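A short worksheet on the structure shown next.
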Amino acid sequence: MNYKDNVLNPEPIKPKSSILCWDISDYSQTIQFILCTCAVFIFFLLYGYMQELIFTIEGFKHYGWFLTLVQFGFYSIFGLLETKIRRIGTRKIPIKTYCLLALLTLGTMGFSNSSLGYLNYPTQVIFKCCKLIPVLVGGILIQGKKYGPLDFLAASFMCIGLILFTLADSKVQPNFNSTGIVIISMALLCDAIIGNVQEKSMKNYGATNAEVVMYSYTLGFLYIFIIMLISGDLIDGINFFLRNPKKMYGYAFIFSFTGYLGIQIVLTLVRTSGAFAAVTVTTCRKAVSIVISFMFFSKPFIFQYLWSGLLVVLGIYLNLFSKKHPISIGDFENKIEAVYRYLRYKFIASRYQSGRYLTEV
């Protein structure tokens, strides 16, 4: 009877977790989290540096979508090669889900690249960090997840710090406008949905990272290719890149290669630790990217950057703390009430002691 039940309702085989070719499935979840976090930092810091470097090229401001097309093309090739090397032939996730993932991926990366034509790189990164709250909402609506009060408090601290950082940037270097804000907001909207859709799909169907990347970016490449071909932007982009093909395509290759490796590791992080933990790690990485941006690319600096950034760090710490010591809303209310009673007791005791002291005098 049990055998028949297993045949009729087979559970999807969970693929091994790996960083590139290194299998980390046998390590504890904590070690897997640390290894993935370090790898995310290495590859995405290089990715962020190359992204800002490309947009410092004169005249590149309006070619963010063409860069996305080239990037998706490289990702499709990398994904195809990986599936051939690993002999991954059977698609596990339905094509309808991949059509949605491709659209969301295109929106996330296309709008993000395009926004750099209107925003400073630190400002763009700061806005992207605000996706923490949309991911919380997406996790609740899409997967029915429940988060503790510390998660919401952490997200609030991060967003307050990021908003203050943006205000500081607008004072010293007002290089962004309403168009850039709308574009990066669209990227955030797609970002908030895609992590939860990826996590749910990978868990339900047991798909590998290589499969998710290949189908998502290949379909995304077809989307953007057709759109740019119809709009006429495809020819303009090709002509611009042909002015200095070695430099343009060379930078784009390094940019895409580091991004591809980073995405693979983020997908592993999503699989092993969940979408919210992955967003927390990538948000922290973005904070370091901002520091590197100030170091390698000349920008004015004021101390509001520092203390608003510390609010973001506080939010990240609270989020990590909530993972190790989760508490419910009821527990949180009890702790607040206990603190209130303690402070009230101290206040009454101090007044009583003060009154008795005056009486004795």
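Because the structure is a prediction, the values reported are computed rather than measured.
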Trace of the side chain to side chain contact (heavy atoms under 4.5 Å, CB included) decision for I183 with Y118: CA-CA 9 Å; I183 291 174; Y118 304 91; 3.6 Å; yes

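- We find the CD1-CD distance between I292 and E52 to be 10.5 Å, quoted to the nearest 0.5 Å.
- When all heavy atoms of C99 and L219 are compared, the pair lying nearest together is N-CD1, 4.0 Å.
- Side-chain atoms of T37 come within 3.5 Å of backbone N or O of F33 as a donor-acceptor pair.
- Scanning for side-chain hydrogen bond (donor to acceptor under 3.5 Å, both in side chains) contacts around S185 gives an empty result, with sequence neighbours left out.
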Step-by-step side chain to side chain contact (heavy atoms under 4.5 Å, CB included) determination, F41 to V288: CA-CA 9 Å; F41 269 72; V288 178; 3.6 Å; yes

Y251 vs I57, side chain to side chain contact (heavy atoms under 4.5 Å, CB included): CA-CA, chis, key distance, verdict: CA-CA 11 Å; Y251 281 1; I57 298 173; 4.0 Å; yes

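- Here the OG-OH distance, from S256 to Y249, works out to 11.5 Å after rounding to the nearest 0.5 Å.
- Hydrophobic clustering of Ile, Leu, Val, Met, Phe, Trp and Tyr side chains at less than 4.5 Å, counting indirect connections, keeps L189 apart from L101.
- Scored by the side-chain contact (heavy atoms from CB on, under 4.5 Å) test, L103 finds Y223 as partners (sequence neighbours excluded).
- Both L234 and L106 belong to a common hydrophobic cluster when Ile, Leu, Val, Met, Phe, Trp and Tyr are linked at side-chain heavy-atom distances under 4.5 angstrom.
- Following chains of ILVMFWY side-chain contacts shorter than 4.5 Å, one can reach L53 starting from F55, so the two form part of one hydrophobic cluster.
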Derivation of the side chain to side chain contact (heavy atoms under 4.5 Å, CB included) call for V70 and F255: CA-CA 10 Å; V70 176; F255 170 65; over 6 Å; no

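- L81 belongs to a hydrophobic cluster with I77, counting contacts under 4.5 Å between side-chain heavy atoms of Ile, Leu, Val, Met, Phe, Trp and Tyr, direct or through other members.
- Relative orientation of the F74 and F78 rings is parallel, given thresholds of 30° and 60° on the angle between their planes.
- Rounded to the nearest 0.5 Å, atoms CG (L69) and CG (L222) are 10.0 Å apart.
- A pairwise comparison of heavy atoms in S289 and L45 identifies OG-CD2, 3.3 Å as the closest pair.
- Remark: S112 engages Q124, K128 in a side-chain hydrogen bond (donor to acceptor under 3.5 Å, both in side chains) (not counting sequence neighbours).
- Atoms OG1 and CE, on T68 and M228 in that order, are 8.5 Å from each other to the nearest 0.5 Å.
- Between the CD1 atom of I263 and the OG1 atom of T105 there is a distance of 8.0 Å, given to the nearest 0.5 Å.
- Counting heavy atoms from C-beta on, the side chains of I184 and F111 never come closer than 4.5 Å.
- Residues I34 and I42 fall into different hydrophobic clusters, defined by Ile, Leu, Val, Met, Phe, Trp and Tyr side chains chained together at heavy-atom separations under 4.5 Å.
- The two atoms that bring G107 and C190 nearest to each other are CA-SG, 3.8 Å, heavy atoms only.
- Closest approach of S216 to A102, counting heavy atoms only: O-CB, 3.2 Å.
- In this structure, the side-chain hydrogen bond (donor to acceptor under 3.5 Å, both in side chains) partners of Y98, at least two apart in sequence or on a different chain, are E211.
- Closest approach of C36 to I265, counting heavy atoms only: O-CG2, 3.5 Å.
- Distance CZ/F44 to CG/L261: 9.5 Å, rounded to 0.5 Å.
- Residues meeting the side-chain contact (heavy atoms from CB on, under 4.5 Å) test with I227, sequence neighbours left out: none.
- Cluster annotation: F221 and L100 are assigned to the same hydrophobic cluster (Ile/Leu/Val/Met/Phe/Trp/Tyr, side-chain heavy-atom contacts under 4.5 Å, transitive).
- Under the ring pair (Phe, Tyr, Trp, His ring centres under 6.0 Å) criterion, Y75 pairs with Y217, Y260, not counting sequence neighbours.
- Checked against a 6.0 Å centroid threshold, the rings of F72 and W65 do not count as neighbours.
- Applying the 4.5 Å side-chain rule to ILVMFWY residues, one finds I230 in the same cluster as I226.
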For residues 237-245, tabulate all N or O donor-acceptor pairs below 3.5 Å that involve a side-chain atom, not counting sequence neighbours.
residue, atom, partner, partner atom, Å
N239, ND2, I235, O, 3.2

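- Looking at residues two or more places apart in sequence or on another chain, you find a side-chain hydrogen bond (donor to acceptor under 3.5 Å, both in side chains) between Y47 and Q71.
- Taking the side-chain contact (heavy atoms from CB on, under 4.5 Å) definition, one finds that L46 meets it with T258, sequence neighbours left out.
- By the side-chain contact (heavy atoms from CB on, under 4.5 Å) test, L80 is found to be paired with T83, K84, M214, residues two or more places apart in sequence or in another chain being considered.
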